[in-house]
Novice: 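For reference, the structure I am asking about is given below.
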Amino acid sequence: MTNREIYDAALALLAEEQYEDCADYEARAPYLLGSFLNECNEAGAFYRSAHGQSGDGEETTLCPDLDGEFPLPARFATAAAFYVAALLIEREDESFSDRLFARYADDVTRILRDGCPGVSVSIRDVYA
């Protein structure tokens, strides 16, 4: 999955179809996606570890290439689309932006709650 697919999903959430009318969105999207990647990098590493996947702790950038590969597990793509969409319209429609941002937060919470099982570890008895 590419970063552009996430950007396209964000535009679809905003009901934007005319790419020529979205030049400002396309210019801002890499920075917003970079912010998402930095916010969720540790969650992505935790998710990978819980699912036995490699690639944890990958370096993220502030401005990823839209045609580059999305560096987090694919499960984070929907949350990324909600995040980018919310911040693209933050100044234009604060109410809709808040709803999209809440969906992002709910999705990340759901990923970490349901997608990352707990691990049993022994507890040392210090009072024996």
Side-chain angles (χ1 to χ4, degrees):
M1 169 171 292
T2 66
N3 295 327
R4 184 165 301 281
E5 290 175 293
I6 292 166
Y7 170 65
D8 289 342
L11 287 181
L13 289 168
L14 300 175
E16 294 288 349
E17 296 177 7
Q18 301 297 324
Y19 288 110
E20 59 272 357
D21 295 338
C22 300
D24 61 324
Y25 285 179
E26 188 163 349
R28 291 176 36 226
Y31 296 99
L32 299 176
L33 187 57
S35 176
F36 171 83
L37 294 173
N38 283 298
E39 288 284 329
C40 292
N41 194 33
E42 287 182 40
F46 183 63
Y47 184 89
R48 282 191 178 107
S49 175
H51 291 273
Q53 300 172 355
S54 63
D56 52 343
E58 290 182 7
E59 187 120 354
T60 58
T61 179
L62 292 176
C63 184
D65 181 12
L66 282 181
D67 295 317
E69 287 296 312
F70 184 63
L72 294 180
R75 177 63 182 91
F76 285 82
T78 303
F82 281 123
Y83 183 91
V84 171
L87 295 182
L88 282 174
I89 62 158
E90 184 176 30
R91 293 182 185 154
E92 298 165 13
D93 189 341
E94 190 174 331
S95 175
F96 187 39
S97 174
D98 289 347
R99 289 195 311 263
L100 290 168
F101 198 84
R103 296 282 305 268
Y104 143 74
D106 289 345
D107 203 28
V108 170
T109 299
R110 193 174 308 107
I111 291 167
L112 295 176
R113 183 190 65 217
D114 300 340
C116 298
V119 177
S120 296
V121 295
S122 62
I123 299 174
R124 186 173 57 121
D125 184 6
V126 295
Y127 300 108

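Not measured: the values here are computed from a predicted model.
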Novice: What heavy-atom pair brings L66 and P30 nearest, and what distance separates the two atoms?
Specialist: CG-CG, 3.9 Å
Novice: Return the OG1 to CG distance between T61 and N38, rounded to the nearest 0.5 Å.
Specialist: 8.0 Å
Novice: Treating S49 as the side-chain partner and A45 as the backbone partner, does any N or O pair qualify as donor plus acceptor under 3.5 Å?
Specialist: no
Novice: With ring centroids as reference points, do F76 and Y47 lie under 6.0 angstrom apart?
Specialist: yes
Novice: Under the side chain to side chain donor-acceptor pair (under 3.5 Å) rule, collect the residues that match up with S35, sequence neighbours excluded.
Specialist: Y83
Novice: Looking at C22 and L11, what are the two nearest heavy atoms and their distance?
Specialist: SG-CD2, 4.2 Å
Novice: Is it the case that atom CG in L62 sees more than 12 heavy atoms from other parts of the structure closer than 6.0 Å?
Specialist: no
Novice: At their closest point, which heavy atom of A10 faces which heavy atom of V84, and how far apart are they?
Specialist: CB-CG1, 3.9 Å
Novice: Any pair with a residue in residues 96-105 that passes side chain to side chain donor-acceptor pair (under 3.5 Å), sequence neighbours left out, goes on the list, sorted by first then second residue, please.
Specialist: S95-R99
Novice: Does the side chain of E16 reach to within under 4.5 Å of the side chain of Y25, using non-hydrogen atoms?
Specialist: yes
Novice: As an exercise, state the distance from CG of D106 to CD1 of I111, rounded to the nearest 0.5 Å.
Specialist: 11.0 Å
Novice: Hey, does N3 have a side-chain heavy atom less than 4.5 Å from the side chain of P71?
Specialist: yes
Novice: Work out which heavy atom in A77 is nearest to a heavy atom in F70; give both atom names and the distance.
Specialist: N-CE2, 3.9 Å
Novice: Side-chain heavy atoms under 4.5 angstrom apart, residues restricted to Ile, Leu, Val, Met, Phe, Trp, Tyr: same cluster for L14 and Y31?
Specialist: no
Novice: My understanding is that a hydrophobic cluster links ILVMFWY residues whose side chain heavy atoms are under 4.5 Å apart, including indirect links. Using that, what else belongs to the cluster containing Y127?
Specialist: V126
Novice: Please collect all salt bridge (charged side-chain N to carboxylate O under 4.0 Å, His left out) contacts where either partner lies in residues 67-92, sequence neighbours excluded, each pair once.
Specialist: R4-D67, R75-D107
Novice: Working to the nearest 0.5 Å, report the span between CG of L100 and CG of L87.
Specialist: 9.5 Å
Novice: Flag the pair L33 / Y7 as yes when at least one side-chain heavy-atom distance between them is below 4.5 Å, and no otherwise.
Specialist: no
Novice: Which residues satisfy the salt bridge (charged side-chain N to carboxylate O under 4.0 Å, His left out) test with D24, sequence neighbours excluded?
Specialist: none
Novice: Between E26 (side chain) and A23 (backbone), is there a donor-acceptor pair under 3.5 Å?
Specialist: no
Novice: Of all the heavy-atom pairs spanning I6 and A80, show the shortest one and how long it is.
Specialist: CG2-CB, 3.7 Å
Novice: Identify the heavy atoms of L72 and G44 that sit nearest to each other, and give their distance.
Specialist: CD2-CA, 4.2 Å
Novice: Would you mind listing every salt bridge (charged side-chain N to carboxylate O under 4.0 Å, His left out) that reaches into residues 28-42, with sequence neighbours excluded?
Specialist: none
